[in-house]
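Notes for the one structure printed next.
Numbers for residues simply follow the sequence, beginning at 1.
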Amino acid sequence: MATYVLVHGAWHSGRCWDRVVPLLTAAGHRVVAPSLTGHGDKADLLSPEVGLDTHVADVVGVIVEEDLTDVVLVGHSYAGLVISGVVNEVPGRIAELVYLDAMVPEDGETAVDVMPVTQLLIDAAAGAGSDWRIPPPPQAEGNVFGVTDSADIAWLRGRLSEQSVRCLQQPVRLDNRAADAVPRTHIHCVVGLPEGYSRRPVPPTQPNGTPAQVWELPTGHDCMITMPVELSELLLKLG
């Protein structure tokens, strides 16, 4: 039995994994999909002090408090920074990192560094009178984070919430060389990358010296909603 910890991206909550969790569980694995501080069942905790470090501590806390080991740690989008911070803190508990259409930072980088278009969202919020609450980014008609089914869009919109700007501006700390030994897999969603967004190339060699592992899904960004079966099949290869 493997243990999967699924970490949602910015503006989302742990509920975004609702279609993936039962598929992994049915295969006999343990699955934890927490909502980060300020989101989902913790939305009332959103404040200007909530930052990347807060979210790293959220996930580390779940792993340590539940004594999870050999964890397949999956981070979607912004949560690529989160899982990078987590493995820096508890590398011995992580069996695999999975960057799911995610930001992949270097030591000391912020979300703005990894994806500069993020600064436009911060500037737009400031121009609208909000100095720390960042609403979900504008979406094309009939397409919300790559979700195009109207019923799915309605379901997703009801579960999106604001993000603290500190999450996007706080640098990640990656100074634990023991974390380099943890293997990494990258899953890219290759349909409909929004204008202004870009993906860094994955280096051909992982930090542990083995060849990079990159998989693709022919769908939009929120693949856990649009292709949960296919995503689960990929994740099960790692368990």
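- With respect to Glu106 and Arg173, no salt bridge is recorded, no charged nitrogen being found less than 4.0 Å from a carboxylate O.
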Which side-chain N or O atoms in residues 120-132 pair as donor and acceptor under 3.5 Å with protein atoms at least two apart or in another chain?
{"unit_1": "Asp123", "atom_1": "OD1", "unit_2": "Gln119", "atom_2": "NE2", "d": "2.8"}
{"unit_1": "Ser130", "atom_1": "OG", "unit_2": "Arg133", "atom_2": "N", "d": "2.9"}
{"unit_1": "Ser130", "atom_1": "OG", "unit_2": "Arg133", "atom_2": "O", "d": "2.7"}

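- Between the side chains of Asp53 and Gln170, a donor-acceptor pair is found at a separation under 3.5 Å.
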**Request:** Show your reasoning for whether side-chain contact (heavy atoms from CB on, under 4.5 Å) applies to Asp101 and Cys223.
**Result:** CA-CA 9 Å; Asp101 218 35; Cys223 59; 5.9 Å; no
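- With 3.5 Å as the limit, one finds no donor-acceptor pair spanning the side chains of Thr37 and Thr54.
- Two rings, from Phe145 and His12, have their centers less than 6.0 Å apart.
- A distance below 6.0 Å separates the ring centres of His39 and His8.
- A donor-acceptor contact shorter than 3.5 Å links the side chain of Asn88 to the backbone of Asp175.
- With hydrogens and angles left out, the side-chain atoms of Thr185 and Gln213 include a donor and acceptor closer than 3.5 Å.
- Side-chain atoms of Gln163 do not come within 3.5 Å of backbone N or O of Ile134 as any donor-acceptor pair.
- The residues Arg19 and Asp222 are annotated as not salt-bridged, no charged nitrogen and carboxylate oxygen being separated by less than 4.0 angstrom.
- Salt bridge Arg30/Glu66: present, at least one basic N to carboxylate O contact under 4.0 Å.
- Between the CG atom of Leu235 and the CD1 atom of Ile187 there is a distance of 5.0 Å, given to the nearest 0.5 Å.
- In this structure, a donor-acceptor pair under 3.5 Å is absent between the side chains of Asn143 and Thr148.
- Under a 4.0 Å N-O distance rule, the pair Arg93/Asp70 does not qualify as a salt bridge.
- Not one N or O on the side chain of Ser77 forms a donor-acceptor pair closer than 3.5 Å with the backbone of Ala79.
- Annotation: side chain of Val7 is not in contact with side chain of Val74 (no heavy-atom distance under 4.5 Å).
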Discussion item. Quick one, Tyr99 with Ser84, criterion side-chain hydrogen bond (donor to acceptor under 3.5 Å, both in side chains). Give me CA distance, side-chain angles, the key distance, then yes/no.
Written reply: CA-CA 9 Å; Tyr99 291 90; Ser84 297; 2.7 Å; yes
